[in-house]
Participant: 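Got a structure here, written out as structure tokens. Questions coming.
Residue numbers start at 1 and run along the sequence shown.
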Amino acid sequence: GYQSSVTLRNYVGNNNTVKAGNGVDNGDYAGGFAGNAGNGSGLTNDNMTINGGSVSGRDYVGGLVGVETNMTPTTINCSAIVTGRDWVGGIVGSGIGSMYGSRWNFTGEVEGRNKVGGLVGGTSSSKYGGGYVTHSVNAGKVTGKTAVGGIRGYAEQPSSNAVSQCVNLGDVTGEDK
């Protein structure tokens, strides 16, 4: 079976505590900072950096958080190796609701099967709005099978889940990009 695993080399983030290995029995919800950062989790900080290390799990795996709901972290830098099965991203595995990411930079490696992205594995809308990523760069390697992208792998409703002024510089490999 799958197990969540987090190994960090150097973490810097506005006096936050690393809540690593926030997985459940089946290995879902793994993130370098938090597995599931939902409403009220306090993930609104700027200038967070994860240098090196690895984050792995089954589904909803991200270098910063596995699942992000209605949060607005900006200026995120991550160079971890992130591996999982579905909803896997260099910064966020799955962005739900009004997720707004700005000035994100990823330089590590992301590997998964479905809904795999250099910054975000996938975004899905809710009654709170869509998931947005802007002014961000992926320079990491992204490998997957379906719904694979350099910035974002999957958008449930592309019209309310925008990507703007982002650049992919990394290698992207997948059957459905």
Participant: Once you round to the nearest 0.5 Å, how far does CZ of Arg58 lie from OH of Tyr29?
Facilitator: 9.5 Å

Participant: Considering non-hydrogen atoms only, spot the tightest contact between Gly63 and Val55 and give its length.
Facilitator: O-CG2, 4.1 Å

Participant: Looking at CG of Asp59 and CZ of Arg85, how far apart are the two atoms once the value is rounded to the nearest 0.5 Å?
Facilitator: 4.0 Å

Participant: Please assess Leu169 against Val137 for the test side-chain contact (heavy atoms from CB on, under 4.5 Å), listing each intermediate value before the final yes or no.
Facilitator: CA-CA 7 Å; Leu169 303 173; Val137 177; 4.0 Å; yes

Participant: Which pair of non-hydrogen atoms, one from Val88 and one from Glu111, has the smallest distance, and what is that distance?
Facilitator: CG1-O, 3.8 Å

Participant: At what distance, to the nearest 0.5 angstrom, does CD1 of Ile91 lie from CG of Leu119?
Facilitator: 6.0 Å

Participant: Restricting to non-hydrogen atoms, name the atom on Asn77 and the atom on Asn105 that form the minimum distance, rounded to 0.1 Å.
Facilitator: OD1-ND2, 3.2 Å

Participant: Assign the ring pair Tyr132 / Tyr100 to parallel, tilted or perpendicular, where the plane angle (0 to 90°) is split at 30° and 60°.
Facilitator: tilted

Participant: Using modelled atom types and a 3.5 Å cut-off, is there a donor and acceptor pairing between side-chain atoms of Asn138 and backbone atoms of Asn168?
Facilitator: no

Participant: Could Lys141 and Asp171 be called an ion pair, given the rule that one side-chain N must be under 4.0 Å from one carboxylate O?
Facilitator: no

Participant: Might you point out which heavy atoms bring Ser136 and Gly101 nearest each other, and give the distance in Å?
Facilitator: OG-O, 4.4 Å

Participant: Are the side chains of Val133 and Val120 in touch, meaning some heavy atoms are under 4.5 Å apart?
Facilitator: yes

Participant: When rounded to the nearest 0.5 angstrom, what distance separates NE2 in His135 from OG in Ser164?
Facilitator: 6.5 Å

Participant: As a test of understanding, state which of Val110, Val92, Val82 forms a side chain to side chain contact (heavy atoms under 4.5 Å, CB included) with Val61.
Facilitator: Val82

Participant: What's the shortest heavy-atom distance between Gly149 and Val142, and which atoms?
Facilitator: O-CG1, 3.8 Å

Participant: Distance from Ile151 atom CD1 to Trp104 atom CH2, nearest 0.5 Å?
Facilitator: 11.0 Å

Participant: Nearest 0.5 Å, please: how far is OG1 in Thr123 from CD in Glu156?
Facilitator: 8.0 Å

Participant: For the residue pair Thr74 and Ser102, confirm or rule out a side-chain donor-acceptor distance under 3.5 Å.
Facilitator: no

Participant: Any chance you could lay out the salt bridge (Lys or Arg N to Asp or Glu O under 4.0 Å) test for Asp86 and Lys115, step after step, and finish with the verdict?
Facilitator: CA-CA 6 Å; Asp86 298 343; Lys115 299 177 180 120; over 6 Å; no

Participant: Do you know the tightest heavy-atom contact between Val116 and Thr143?
Facilitator: CG1-O, 3.7 Å

